[in-house]
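All of these numbers come straight from a predicted model, not from anything done at the bench. Position 1 is the first residue of the sequence, and the numbers go up from there.
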Amino acid sequence: MVDVQLTSFKMKIVFSNIISVFFLFISFQKSICQSQKSNDLDDAYKQELLVENNALKSRIENFPSEAKVINAKIAQSIKQKNYANALALTKELEIILPKNADIKNFKSKMYYKLNNMELAIESYDDAIRLNPRNKWFYINKAGVLSEEDRFEEAVEIVNQLITIENNWSIAYNLKASLLLYLKKNKEALLMFNKAVDCKPESAQIYTNRGDLYVE
């Protein structure tokens, strides 16, 4: 399945860039794998995306042969930007692997590409139910919610993420950016402070916090 990209406030990583890179990030290898605009990310973000991308590749390697054939067709459809066909093929893949969280996650991306935000959100919910430990599913869902200006709901999703990844700086950085949209600058600053105390260390987080100090 194809991949993710991120999309912020008036900061170097504008929130839309954070969300964009994250939530268009994970698809399938050659179809369900990743392609992000790396120039939008610092090294810490790139490394986090690489780790998940490699894990996704490994999971796809365990697909049955018939699923791999469909996955290859999805890759071709994505290359041609035929997202409707990619979605139809993804639903075929879903019949073979009905409880595969990565497929639900990828289906969400296709719904997003086709501008069906509600079904994208529903599919992210399915992915999270099937694999509640995958932090990128939460990031992706928060991205769609934010694009719909549903920032309060996006914050709640990131709060859920923080309960399972309470030392992940990227989650706190994302929450801080969402809080800025809600004009909760003091709370956002607390989240940036938390982010710089967590891993991975990211120059972007320091920049974001510095920009908020300037504001």
Side-chain angles (χ1 to χ4, degrees), residues 1-7 16 18-38 40 48-148 150 153-154 157-158 160-161 164 174:
M1 300 186 198
V2 187
D3 320 324
V4 171
Q5 297 171 344
L6 290 171
T7 309
S16 47
I18 296 180
I19 294 304
S20 153
V21 180
F22 277 146
F23 110 101
L24 277 185
F25 159 60
I26 298 178
S27 318
F28 284 158
Q29 164 75 1
K30 299 176 181 171
S31 112
I32 85 189
C33 230
Q34 160 189 352
S35 72
Q36 78 272 3
K37 295 181 179 177
S38 58
D40 288 341
E48 290 292 296
L49 292 171
L50 179 62
V51 168
E52 175 56 21
N53 191 57
N54 289 339
L56 179 57
K57 288 180 182 180
S58 296
R59 296 195 294 270
I60 293 167
E61 284 302 312
N62 292 321
F63 277 13
S65 57
E66 58 183 330
K68 289 180 180 178
V69 169
I70 295 173
N71 190 53
K73 292 179 181 179
I74 293 172
Q76 188 61 32
S77 293
I78 294 299
K79 187 176 181 180
Q80 297 169 350
K81 298 185 178 180
N82 188 343
Y83 302 117
N85 191 56
L87 176 59
L89 289 166
T90 302
K91 291 179 179 179
E92 290 183 26
L93 194 58
E94 200 172 28
I95 293 171
I96 300 170
L97 298 167
K99 295 185 178 180
N100 186 287
D102 292 317
I103 293 173
K104 306 292 186 188
N105 184 53
F106 183 70
K107 186 170 73 168
S108 301
K109 306 249 181 324
M110 294 304 96
Y111 279 130
Y112 168 77
K113 284 291 191 180
L114 294 168
N115 204 34
N116 192 329
M117 300 304 192
E118 285 306 316
L119 286 181
I121 291 167
E122 286 181 22
S123 291
Y124 282 132
D125 287 337
D126 290 339
I128 290 169
R129 277 193 292 270
L130 288 166
N131 184 3
R133 300 297 306 180
N134 189 306
K135 54 195 178 186
W136 298 103
F137 297 167
Y138 298 89
I139 292 284
N140 293 347
K141 182 179 177 183
V144 176
L145 289 169
S146 69
E147 289 218 353
E148 293 290 282
R150 294 161 63 177
E153 293 174 70
I157 292 302
V158 179
Q160 291 175 30
L161 170 59
I164 63 169
L174 177 54

State the [atom1]-[atom2] distance between [X] and [Y], to the nearest 0.5 angstrom.
{"X": "Ile78", "Y": "Lys109", "atom1": "CD1", "atom2": "NZ", "answer": "11.0 Å"}
{"X": "Gln76", "Y": "Asn82", "atom1": "CD", "atom2": "CG", "answer": "10.0 Å"}
{"X": "Leu130", "Y": "Lys104", "atom1": "CG", "atom2": "NZ", "answer": "6.5 Å"}
{"X": "Lys73", "Y": "Asn71", "atom1": "NZ", "atom2": "CG", "answer": "11.5 Å"}
{"X": "Leu97", "Y": "Glu92", "atom1": "CG", "atom2": "CD", "answer": "12.5 Å"}
{"X": "Leu161", "Y": "Tyr138", "atom1": "CG", "atom2": "OH", "answer": "7.5 Å"}

Determine, step by step, whether Phe63 and Asn100 satisfy the side-chain contact (heavy atoms from CB on, under 4.5 Å) criterion, reporting the C-alpha distance in whole Å, the side-chain angles of both residues, the deciding distance to 0.1 Å, and the verdict.
-> CA-CA 10 Å; Phe63 277 13; Asn100 186 287; 3.6 Å; yes

Looking only at heavy atoms, what is the nearest atom pair of [X] and [Y], with distance?
{"X": "Ile70", "Y": "Leu89", "answer": "CG2-O, 3.4 Å"}
{"X": "Glu61", "Y": "Lys68", "answer": "O-NZ, 3.0 Å"}
{"X": "Ala86", "Y": "Met110", "answer": "CB-SD, 3.7 Å"}
{"X": "Ala154", "Y": "Ala142", "answer": "CB-O, 3.8 Å"}
{"X": "Arg133", "Y": "Ile164", "answer": "NH2-O, 3.3 Å"}
{"X": "Asn131", "Y": "Ala101", "answer": "CB-CB, 3.7 Å"}

Show your working on side-chain contact (heavy atoms from CB on, under 4.5 Å) between Phe137 and Asp125 and close with a plain yes or no.
-> CA-CA 8 Å; Phe137 297 167; Asp125 287 337; over 6 Å; no

Is there a side-chain contact between [X] and [Y] (heavy atoms, below 4.5 Å)?
{"X": "Ile157", "Y": "Gln160", "answer": "yes"}
{"X": "Met117", "Y": "Tyr111", "answer": "no"}
{"X": "Asn54", "Y": "Leu50", "answer": "yes"}
{"X": "Ser108", "Y": "Asp126", "answer": "no"}
{"X": "Phe106", "Y": "Glu94", "answer": "no"}
{"X": "Arg59", "Y": "Leu56", "answer": "yes"}

Give a yes or no on whether the backbone of Ile139 and the side-chain of Tyr124 come within a donor-acceptor separation of less than 3.5 Å.
->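 Here the side-chain-to-backbone pair does not exist.
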
Between Ser146 and Gly143, is there a donor-acceptor pair closer than 3.5 Å when you use the side chain of the first and the backbone of the second?
->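 Here the side-chain-to-backbone pair exists.
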
Test: Glu122 and Lys107 ion pair at under 4.0 Å =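 Looking at Glu122 and Lys107, the cut-off is not met.
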
Any chance you could lay out the side-chain contact (heavy atoms from CB on, under 4.5 Å) test for Lys81 and Lys113, step after step, and finish with the verdict?
-> CA-CA 9 Å; Lys81 298 185 178 180; Lys113 284 291 191 180; over 6 Å; no

